[in-house]
Colleague: 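This is the structure, below, for whatever I ask next.
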Amino acid sequence: MEYNFREIEKKWQQQWRESHAYEVTNDSTKPKFYVLDMFPYPSGAGLHVGHPLGYISSDIYARFKRLKGYNVLHPMGFDSFGLPAEQYAIETGQHPAVTTENNIKRYREQLDNIGFCYDWSREVRTSDPKYYKWTQWIFLQLFDSWYNRKMQKAERIAQLVARFRQEGNANHECPGDKKLNFIAEEWKGFDEARQQEILMDYRLAFSAFGEVNWCEALGTVLANDEVVNGVSERGGHPVVKKKMRQWYLRITEYADRLLQGLEQVDFSDAMKEMQRNWIGKSQGAEIRFKVAAGNDLTPNPSPKERGTKEENSTDVKDNIPPGYMTNTFEQWKATADFAKANRKNSTEAESLLWQEIRNRKLQGYKFRRQHPVAGYIPNFICIEKRLIVEIDGGYHSEEEQQKFDVSRTKWLEEHDYRIIRFTNDEVTNNIEEVLQKLEKALSSNEGLGKLTAPSPLERGQGGEVITVYTTRPDTIFGVDFMVLAPEHELVASITTAEQKSEVEKYLEYVKSRSERERLAEVKSITGAFTGAYAINPFNGREIPIWISEYVLAGYGTGAIMAVPCGDQRDYAFAKHFNIPITNIIGDAYNGEEANATKDAILQNSDFINGMVMRDAIDLVIDKLEEIGIGKRQINYRMRDAGFSRQRYWGEPFPIVYKGGVAYALEETDLPVELPYVDTYSAGPEGEGPLANLADWIIASGGTRETNTMPGYAGSSWYFLRYMDPYNEREFVDRKAADYWGQVDLYIGGTEHAVGHLLYSRMWTKALYDLGYISFDEPYKKLVNQGMITAFSFFVERIELVDLLSGNADFFSESEYVPFENKIFFCSFGEFDRLPVPYEDKQTGKLYERGRFLNYHRLKDVSHIVETGEGDYRISKKNLEAYIKDKGVEFVGFEITDVIVDEAVEEYVSVRPEIEKMSKSKGNVQNPDFIVEKYGADTFRMYEMFLGPVEQSKPWDTKGIEGVHRFLRKLWRLFVDEVKGAIVNHDPATDAELKVLHKTIKKIEEDTERFSFNTAVSAFMVCVNELNDLKCHKKEILEPLVILITPYAPHIAEELWNIMHNDGSVLDAVFPKLDEKYLIESAKEYPVSINGKVRTNINISLDAAQPEVEQIVLANDVVQKWLNGQGPKKIIFVKGRMINVVI
RNA sequence: GCCCGGGUGGCGGAAUUGGUAGACGCAGCAGACUCAAAAUCUGCCAUUCGCAAGGAUGUGCUGGUUCGAUUCCAGUCCCGGGCACCA
């Protein structure tokens, strides 16, 4: 009886299916274990050998845990909404539902062939209305929620509305509109549309107009990670910025928790780092710079904006300083003396409260006493919290004084100060209550975090204030110029008449920058001077304000303070435009490049001179806050997640617009089923195909949202649905969710590091906040399978151009005319052998040079031949055929002659590159062929044997024979070709038991730590040794069969059956390790002389140092090396080694 | 540029805590069985000197710590991945 894997595997797969061997219940007394694979998108290409790598790993682990007595949830499903199916529909006219169904069928077949232990009764498909009903439902929960920053959790919109009615929004800054400020009365006065508009700015799922990556060719908006080098990742189509109404998830509100959550989960450091980078938290400061007065400011601020300043008003109110400076220096001086006197003459109540404030150190906040603010001296002030404390003495009760108090309060409040007033009596009689009120005021953030654009009144002499964000406030004295993003709103108003034309020219240039030019990666330094100057608030120095595209409008404040001696880009800019550079770091700056160190000693830096930069950062921020021109600020790089696609094949939004306002549909209206369409072309104005369905759009007294949700919608919560897939009342039963809880082991590729995983983590946190589940991290442990790599091949694409001017080696977009529709394919590295000048026969125009376009991927690797070590070529014939397919007119390319099969053929050399195996790269290998030829068990073990799961490795089928041989060898321990089963019941010897238990130990440890490749080796060693021992004993072989079940389930089940006739090895108990079989009495000690092994001596493991030394010194080899001398030292590590030092 | 990984025979890889580098498999070489092939089995297989015994070198490179380093430290080069005019 031979090892007939085809028959065996088919038999058991059928048997397992019929006996529902892999179905698990939610009711079990066993401990639970949840093993999950990242479910696949069922593409038309089917599985390739890279996919199963993770699936096999998780399958082994799931089976292992089952044998160890766990109730293991190991489900599988399909991420079946998505772009490729729709793209395919557009090309072929087949409905995505049909092609998706077919693809799933094929995937399922392929998965079944490999013998995975999925509980298919729990399968989910994101495109199934029964599933996406709940995706829509969760979306509505997000729509109905906002993030309470105080509580650091999501809450219901109704709670927010209640707060608004009571206290306005003062305690809850609006994340969508930081300037928004209203009180309860105002809220009540807003009409419905305005209220909804405001609520939208708070919702966790919200719609807004935003710049999105619009891809005309795909007719869709792409996520940032779907855009590579300015073109769409799929298809390489151009992408432009476009303002559109979009849905977003306010994931930025969760930035900090997503960051903190990483501490609790077991992800690889690389993965955590990637997520941290993506979130991009940075700490620094916002600093406000006044724009200096200029005689030629253009355009002039309107008289209203300038306020009464022009009238030379003497009113205190109109002479207050800009920004948050609590005072001008002159005013400060004038009031300071008065303040000093006040301090001396303080009232009893003031002294009492001051002492209490100082003693209690209220929440660690620093209070100042009699600190002048804008010509007025409050009793106490906490600058950090912008909180002013006033104790009203006798004279405050006079009518005139009260009037003044009111106007002053108004001014202070307008400028984000809060005033809390106490009476003398309150302080002297009930100090505790006063302090409690103070504590409360401090912990509230009312009036905080509203660093908004300055009101006209705040403006400096030039009328404008520029706010910059910097992570290096310590370099404030090294600021030599400012740079605004070209899109910055102040650009127009600060530009001088003189510079106007230059700035406009530059803005024109920025707009005209084509995608293609950005692609070319010509990083030249560009910019324009606005003519305006900003004033360094610390030393009054005037610094020029420039605009440049290297400053991004979307990050920070869209403006930077440039420190050329410390930042390389600033340095390059300064050099390019001849801006003098101030050195604040002494020797650390060599005059030739910037030095971004934080460890240099500061020079030329006023009050921080002599300090280490690192230490100066906090000091400068404190000072900024103290004088009110800036504040500590944390920034995140992460943006809110775009959540709508102008596509058909996705979840429709359960949203209806009435009068331009978005309303949620009722839960009873769910699911909003995706209607049938005949055509998949885009709707009007770039809307999705659903916009074409006039009938469908009308619903519930309004019009439906016609966008659909993106791919990550369904995958953000699928792990929950597996727990309770048939539930029609809830997305998941709370009891089931509590039982299964977090995914204990999640396996998938790194490519989902920042997309799927972050969104999924956010949804989980939101569902947790809203009380639907009991955990806020979805995945406890994440293992990233490495990629299976394969060769891809590229040719160079060259276009011919006619140069308008010069002999530039590098030329910009405007300087050449390309030869339309003629593309040269060029041998790798043969760029300069192009046939130029080239004459266009139609126009007679001469094209003088070639311009490298890109490396062009050859999607079909089958015609590529290896002509030498690392040298790959494709024949001219095949390349030509390929190019014709692409509809590009072929012009010509450089040829290298190669002799193949004694015939000279013209070949083009192609550039090889090792890449991840994927359909889009045209380098896939199909697993079906291997399974057919060697069987699923061989395939499983071979993929594991390739190397560590997490490492990427090239696909190579050469080694597969060895694994297959191993399984046959295993088979022959049980079955003789002629005699049939040969398992006997003889008692096992110590040697055999030792082999077995050694293997148990190794397999258990290796499986537990996902070291599957070494586990496979251990099986090989074990089988080799049992073979040498001619062991066919059930006592040994039965445990061995259980051990190998997770790795090779089919052969294990067959062998188990040969020994038992009934039952299944799937439910066996993992053999228990008995250390007693591993104990040795002696060891063949390696003996080194000066660290180099010279001989081995067998010594009892009981032997102690003196005894060992004696034995070692008596040894011939050791004697020879000692050469008559005595040893300096003998190192003896028990059970390990001996080292003799001479 | 920044942040992570990783460099070990002809190849994939092993060495779990600083203790015999190269387990296991592939490929290769020699042999057994066979008319022959397949399958199977046996032996050899880092480089180098040597008939051998034995020696020298050896985990990208340069140093260091240690009785002893693939393992720890410093520097450096290369490869892969991620991020990026991010202030």
Side-chain angles (χ1 to χ4, degrees), chain A residues 2 225 268-278 280 282 284 468-472 475 483 485 518 523 525 548-552 554-563 566-570 572-573 596 635-638 750-751 753-754 784 786-787 789 914-916 941-942 945-948 950-966 968-969 972 977 1002 1005-1006 1009 1011 1013-1024 1027 1084-1096 1117 1120 1127-1133 1135-1142:
Chain A
E2 254 188 88
D225 41 317
S268 70
D269 288 342
M271 173 63 60
K272 288 184 179 181
E273 201 56 33
M274 256 186 251
Q275 295 207 357
R276 283 194 199 105
N277 281 343
W278 189 258
S282 72
V468 303
Y469 174 71
T470 178
T471 54
R472 296 297 302 275
T475 61
V483 187
R518 280 183 205 155
K523 291 201 170 178
I525 296 159
S548 175
E549 58 182 343
Y550 86 91
V551 174
L552 307 177
Y555 186 77
T557 60
I560 62 160
M561 52 178 228
V563 182
D567 182 288
Q568 191 53 41
R569 282 159 313 154
D570 296 345
F573 195 88
N635 259 6
Y636 296 96
R637 182 162 58 223
M638 184 166 65
T750 344
E751 64 270 27
V754 287
N784 292 114
M787 305 176 292
T789 56
I914 291 171
E915 283 192 311
K916 181 193 167 176
M941 291 198 94
Y942 179 60
F945 188 60
L946 277 176
E950 308 210 7
Q951 233 167 64
S952 53
K953 49 220 156 237
W955 179 248
D956 181 10
T957 50
K958 274 183 201 151
I960 205 161
E961 293 278 355
V963 174
H964 190 64
R965 270 200 281 271
F966 153 74
R968 294 163 66 130
K969 227 165 165 177
R972 287 199 302 270
E977 268 184 49
K1002 181 88 175 135
E1005 283 174 2
D1006 285 359
R1009 68 186 173 103
S1011 180
N1013 57 327
T1014 52
V1016 174
S1017 293
F1019 281 124
M1020 290 175 169
V1021 172
C1022 175
V1023 167
N1024 285 346
N1027 200 40
E1084 191 80 359
Y1085 275 99
V1087 179
S1088 313
I1089 313 290
N1090 288 339
K1092 279 197 166 48
V1093 180
R1094 296 299 173 184
T1095 185
N1096 290 308
V1117 179
K1120 194 190 93 184
K1128 267 196 198 137
K1129 200 181 189 181
I1130 297 180
I1131 289 146
F1132 170 62
V1133 182
R1136 287 279 187 191
M1137 45 63 70
I1138 299 157
N1139 189 16
V1140 181
V1141 187
I1142 298 175

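Source: prediction; values computed, not measured. Below, chain A is the first sequence line, B the second, and so on; all start at residue 1. All heavy atoms count here, side chains included; hydrogens, waters and symmetry mates do not.
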Colleague: May I ask you to verify if any side-chain N or O of A/R569 is less than 4.0 angstrom from the OP1 or OP2 atom of B/G1?
Modeller: no
Colleague: Identify the nucleotide, in any strand shown, that forms a Watson-Crick or G-U wobble pair with B/A37, with both distances under 3.5 Å; if there is none, say none.
Modeller: none
Colleague: Let's test this: given Watson-Crick or G-U wobble pairing with both distances under 3.5 Å, identify the partner of B/C83.
Modeller: B/G1
Colleague: Without swapping roles, check the side chain of A/N1090 against the backbone of A/I1142 for a donor-acceptor pair under 3.5 Å.
Modeller: yes
Colleague: Work out how far the C1' atom of B/U71 is from that of B/G10, and round it to whole angstrom.
Modeller: 26 Å
Colleague: Does A/D567 have any salt bridge (charged side-chain N to carboxylate O under 4.0 Å, His left out) partners at least two apart in sequence or in another chain, and if so, which?
Modeller: A/R569
Colleague: Assign A/V963 to base, sugar-phosphate, or nothing according to its heavy-atom contacts below 4.0 angstrom with the strands shown.
Modeller: nothing
Colleague: Quick test: give all pairs of protein nitrogen or oxygen and nucleotides 63-69 of chain B nitrogen or oxygen below 3.5 Å, distance rounded to 0.1 Å.
Modeller:
from	atom 1	to	atom 2	distance (Å)
B/C67	O2'	A/N1139	ND2	3.3
B/C67	O2	A/N1139	ND2	2.6

Colleague: What is the pairing partner of B/G22, taking Watson-Crick or G-U wobble pairs with both distances under 3.5 Å in any strand?
Modeller: none
Colleague: For A/D570, answer base if it contacts any base atom (sugar-phosphate contacts may also be present), sugar-phosphate if it contacts only those atoms, and nothing otherwise; contact means non-hydrogen atoms under 4.0 Å.
Modeller: nothing
Colleague: What is the base-pairing partner of B/G58, counting Watson-Crick and G-U wobble geometry with both distances under 3.5 Å?
Modeller: none
Colleague: Between B/A39, B/U20, B/A87, which nucleotide gets closest to the side-chain atoms of A/R968?
Modeller: B/A39
Colleague: Any donor and acceptor pair, going by atom type alone, linking the side chain of A/N635 with main-chain N or O of A/S282 inside 3.5 Å?
Modeller: no
Colleague: In this structure, how many angstroms lie between the C1' atom of B/A38 and the CZ atom of A/R965, rounded?
Modeller: 12 Å
Colleague: Could you state the atom-to-atom distance from CZ of A/F966 to P of B/C41 in whole Å?
Modeller: 13 Å
Colleague: Check side chain to side chain contact (heavy atoms under 4.5 Å, CB included) between A/N1096 and all other residues, then give those that pass, not counting sequence neighbours.
Modeller: A/E1084, A/P1086
Colleague: Please enumerate all residues that pass side chain to side chain contact (heavy atoms under 4.5 Å, CB included) together with A/E961, with sequence neighbours excluded.
Modeller: A/Y934, A/R965
Colleague: Could you tell me which residues satisfy salt bridge (charged side-chain N to carboxylate O under 4.0 Å, His left out) with A/K272, sequence neighbours excluded, listed by chain and number?
Modeller: none
Colleague: Check the distance between B/C83's C1' and A/M274's CE and give it to me in whole angstrom.
Modeller: 9 Å
Colleague: Taking only residues two or more places apart in sequence or in another chain, which ones pass side chain to side chain contact (heavy atoms under 4.5 Å, CB included) with A/A1018?
Modeller: A/K1002, A/I1003
Colleague: Between protein and nucleic acid, restricted to nucleotides 45-56 of chain B and to nitrogen or oxygen atoms under 3.5 Å apart, what atom pairs and distances do you find?
Modeller:
from	atom 1	to	atom 2	distance (Å)
B/A56	OP2	A/R1094	NH1	3.0

Colleague: Just the rounded figure in Å: distance from P of B/A84 to CG of A/D567.
Modeller: 18 Å
Colleague: In whole angstrom, give me the gap between the C1' atoms of B/G22 and B/C11.
Modeller: 13 Å
Colleague: A/F573: which residues meet the ring-ring contact (aromatic ring centres under 6.0 Å, His included) condition with it, sequence neighbours left out?
Modeller: A/F481, A/W546, A/Y550, A/F577
Colleague: If I take atom CD1 in residue A/I1138 and atom P in nucleotide B/G19, what distance separates them, rounded to the nearest angstrom?
Modeller: 16 Å
Colleague: Now, which nucleotide makes the Watson-Crick or G-U wobble pair with B/G28, with each of the two distances under 3.5 Å?
Modeller: B/C44
Colleague: For B/C44 versus B/C26, give the span between their P atoms, rounded off to a whole number of Å.
Modeller: 16 Å
Colleague: Output one letter per nucleotide in nucleotides 10-16 of chain B: B when a protein non-hydrogen atom lies under 4.0 Å from the base, S when only the sugar-phosphate is that close, - when neither is.
Modeller: --BSSSB
Colleague: Using the P atom in both, what is the distance from B/A38 to B/C29, to the nearest Å?
Modeller: 13 Å
Colleague: A/T475 and A/R472: which non-hydrogen atoms are nearest, and at how many Å?
Modeller: OG1-O, 2.7 Å
Colleague: Name all residues meeting the ring-ring contact (aromatic ring centres under 6.0 Å, His included) criterion together with A/Y636; count only those two or more places apart in sequence or in a different chain, and write none if there are none.
Modeller: none
Colleague: Just to be sure I understand the rule, does A/V1093 reach a base, reach only the sugar-phosphate, or reach nothing, if contact means heavy atoms closer than 4.0 Å?
Modeller: sugar-phosphate
Colleague: Name the closest nucleotide to the A/M1020 side chain, picking from B/U40, B/C24, B/G82.
Modeller: B/C24
Colleague: Toward the 5' end of RNA chain B, which comes first, A/R972 or A/Y550, by nearest nucleotide?
Modeller: A/R972
Colleague: Which whole number of Å gives the distance between the C1' atom of B/G6 and that of B/G60?
Modeller: 11 Å
Colleague: Check for a donor-acceptor pair, side chain of A/N1139 on one end and backbone N or O of A/G1091 on the other, with a separation under 3.5 Å.
Modeller: yes
Colleague: Syn or anti for B/G6, given that syn means the glycosidic angle lies within 90° of 0?
Modeller: anti
Colleague: Suppose we screen for salt bridge (charged side-chain N to carboxylate O under 4.0 Å, His left out). Which residues come up paired with A/R1009, at least two apart in sequence or across chains?
Modeller: A/D1006
Colleague: Which value, in whole Å, describes the distance between the P atoms of nucleotides B/A53 and B/A36?
Modeller: 35 Å
Colleague: Could I get the full list of ring-ring contact (aromatic ring centres under 6.0 Å, His included) partners for A/Y1085, not counting sequence neighbours?
Modeller: A/F1132
Colleague: I need the CG-P distance between A/N1024 and B/U40, as an integer number of Å.
Modeller: 13 Å
